[in-house]
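The structure appears right after this line, and notes come after that.
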Amino acid sequence: MAKVSIPTPLRPSAGGQATVEAAGSTVGEVLADLTRQHPDLQKRLFAGEGQLHQYVNVFVNDEDIRFMDDLDTPVKETDEVGIIPAIAGG
Amino acid sequence: MSSEFVRGLTCRLCGKRYPKEALNFCTEDFGPLEVEYDYEAIGRSLRRETLERRPRTMWRYRELLPIDGEPTVGLQVGGTPLVKANRLAEALGVRELYIKNDAVNYPSLSFKDRVVAVALSKAVELGFDTVGCASTGNLAGSVAANAAAAGLEAYVLIPDNLEQGKVLGATIYGAKVVAISGNYDHVNRLCSQIAFRFGWGFVNVNLRPFYAEGSKSMGFEIAEDLGWRAPDHIVVPMAGGSLIGKIHKAFKELEGLGWIDPVCTRMFGAQATGCNPITNAVKTDAKRIKPVRDPRTIAKSLAIGDPADGFFASKLMKETGGWGEDVDDEAIIDAMKLLAETEGIWAETAGGVTLAVTRTLIEQGKIDRDGSTVVCITGNGLKTQEAVIDRIARPPVIRPTLAEFESLIGASPAEAELAPAGA
């Protein structure tokens with residue numbers, strides 16, 4: 001299963017865990033499994049069905065999914081999926 | 001004394017409120033957090049005349065900056081010149097032009113000292129002893145210098161391709177500077193992880209809501225120096241896209257206090273064509289910012305491919321009747337030379353971007369030649385020498401004889417004898 005890293009301020013919504021193992025062959029499936037395990041994350045990550053909030057960035061290993069196939073980006077068992085708040089820097 | 005003026009933080013998307021803490025995003029929807037003030041209390045407490053008697057630093061507006069009590073870091077920051085640029089105005093064919101010159105901001109020669117002064121004062125308030133930043137260069141120097149003076153430990157993370165002047169300008173202060181193989185967006189993402197993992201105060205990560213407010217002081221100073229009025233147009237360089245919004249917010253706050261007339265300023269944003277996610281959004285009327293994966297421009301301080309405030313910046317430009325424009329490296333260098341040769345101001349590459357965009361907007365008719373225009377210069381040319389060093393003529397070398405000098409300048413002895421005093 002892929003490892004999903006949870007940003008520190010959201011860990012209370014993920015049972016206090018820094019990383020959560022979630023199953024799926026695409027980013028969308030992995031995040032769906034993540035929110036199945038931790039339903040409190042659903043509304044925090046998604047604005048509507050299949051639509052991430054504007055300021056949620058998701059990476060597979062080191063690559064931004066917006067430069068790949070967004071939620072359809074393939075995920076392998078060994079991949080790390082990172083959820084990173086977009087509102088930083090500058 | 002100003003503690004009662006800041007109520008807390010509020011999410012710009014859902015309005016959820018948070019206490020004054022080191023947090024940059026809403027845990028409900030990841031939205032940006034903004035400082036919330038009690039403007040009525042500020043209005044009751046602060047008079048324009050009181051402020052005008054204070055020292056000419058950014059802290060003369062301290063009631064409108066998000067610190068509790070007195071500032072502790074960067075006490076001399078701000079108060080930079082607003083230059084009436086008559087020779088440049090003539091060259092560009094406009095009537096009333098000003099340069100807000102933060103190339104001479106204290107101590108690190110960029111507008112970043114403003115945001116850092118607030119962020120590090122806040123870091124001290126919140127009890128951090130280690131601070132840090134993700135930087136395209138100017139912030140690196142500012143965090144390093146101001147942290148050194150405040151006795152804070154600093155971690156400065158930068159892309160590994162920065163100008164030597166920017167790198168040296170951070171390491172000299174004893175900061176722990178780490179270069180990351182990758183671009184700014186890689187650096188930024190790493191810093192988002194580091195800040196919370198180590199519990200450090202990263203100025204543009206967890207301290208960002210406070211940090212960003214420091215930029216308002218540039219707007220306050222412009223309005224005050226124009227005789228308490230906002231200009232018709234202002235041109236602002238955009239990297240993360242925060243500064244342009246904060247300058248406008250500053251004008252609106254002064255309007256709210258009744259200190260200036262209702263603001264009609266048209267906000268213009270400037271980027272380099274090699275990294276133009278925000279101006280591209282303006283031009284294509286896009287609802288979301290499309291990040292630039294691989295920024296390529298000599299204006300490295302603006303090379304942020306995924307700008308956090310890009311959406312709000314593009315919205316602001318459209319709502320105020322402004323526009324976003326971008327220019328190539330050639331135009332950037334030409335504009336740096338023009339500013340230097342007409343006004344004696346050596347701006348960094350980002351200043352070349354801003355002036356070149358101003359010139360383009362004037363030619364396009366988007367900036368009215370009869371209105372007042374302020375061009376924001378945010379960094380110093382001494383730090384980006386690589387960009388121009390091969391483009392500027394080297395001085396000729398002659399032997400120390402009058403004959404060689406005369407032959408160089410092409411003056412005959414007869415002309416020289418006729419020359420007035422000093423010959």
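A note on names: the letters A, B, ... follow the listed sequences, proteins ahead of strands, and every chain is numbered from 1. Values in this document were obtained by computation on a predicted structure and should not be read as measured data.
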Can you confirm whether B:Lys315 is buried at NZ, in the sense that more than 12 heavy atoms of other residues, nucleotides or ligands lie under 6.0 Å from that atom?
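Check fails, neighbour count at 12 or below.
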
More than 12 heavy atoms of other groups within 6.0 Å of B:Lys318 NZ
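Counting other residues, nucleotides and ligands, NZ of B:Lys318 exceeds 12 neighbours.
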
Is chain A contacted by the side chain of [X], its backbone, both, or neither, given a heavy-atom distance below 4.5 Å?
X: B:Phe202; result: neither
X: B:Leu243; result: neither
X: B:Pro291; result: both
X: B:Lys290; result: neither

Does NZ or CZ of A:Arg44 fall inside the cone over B:Phe30's six-membered ring, less than 6.0 Å from its centre and within 45° of the axis?
no

Would you check if [X] and [Y] make a side-chain contact, meaning some heavy-atom pair closer than 4.5 Å?
X: A:Tyr55; Y: B:Pro32; result: yes
X: A:Phe67; Y: B:Asp294; result: no
X: A:Glu63; Y: B:Arg293; result: yes

Distance check, rounded to the nearest 0.5 Å: [X] atom [atom1] versus [Y] atom [atom2]?
X: A:His53; Y: B:Phe25; atom1: NE2; atom2: CZ; result: 12.0 Å
X: A:Asn57; Y: B:Ser192; atom1: CG; atom2: OG; result: 9.0 Å
X: B:Leu23; Y: A:Ile87; atom1: CG; atom2: CD1; result: 11.5 Å
X: A:Leu10; Y: B:Glu28; atom1: CG; atom2: CD; result: 9.0 Å

SB check B:Arg189 A:Asp62 (cutoff 4.0 Å):
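Looking at B:Arg189 and A:Asp62, the cut-off is met.
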
Pairing of A:Arg66 and B:Asp306 as salt bridge, 4.0 angstrom limit:
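Yes, A:Arg66 and B:Asp306 are salt-bridged.
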
Interchain contact, [X] with chain B, by part (heavy-atom threshold 4.5 Å):
X: A:Leu52; answer: backbone
X: A:Phe59; answer: side chain
X: A:Pro12; answer: neither

Side-chain donor or acceptor of B:Asn188 paired with backbone N/O of A:Ala88 under 3.5 Å
yes

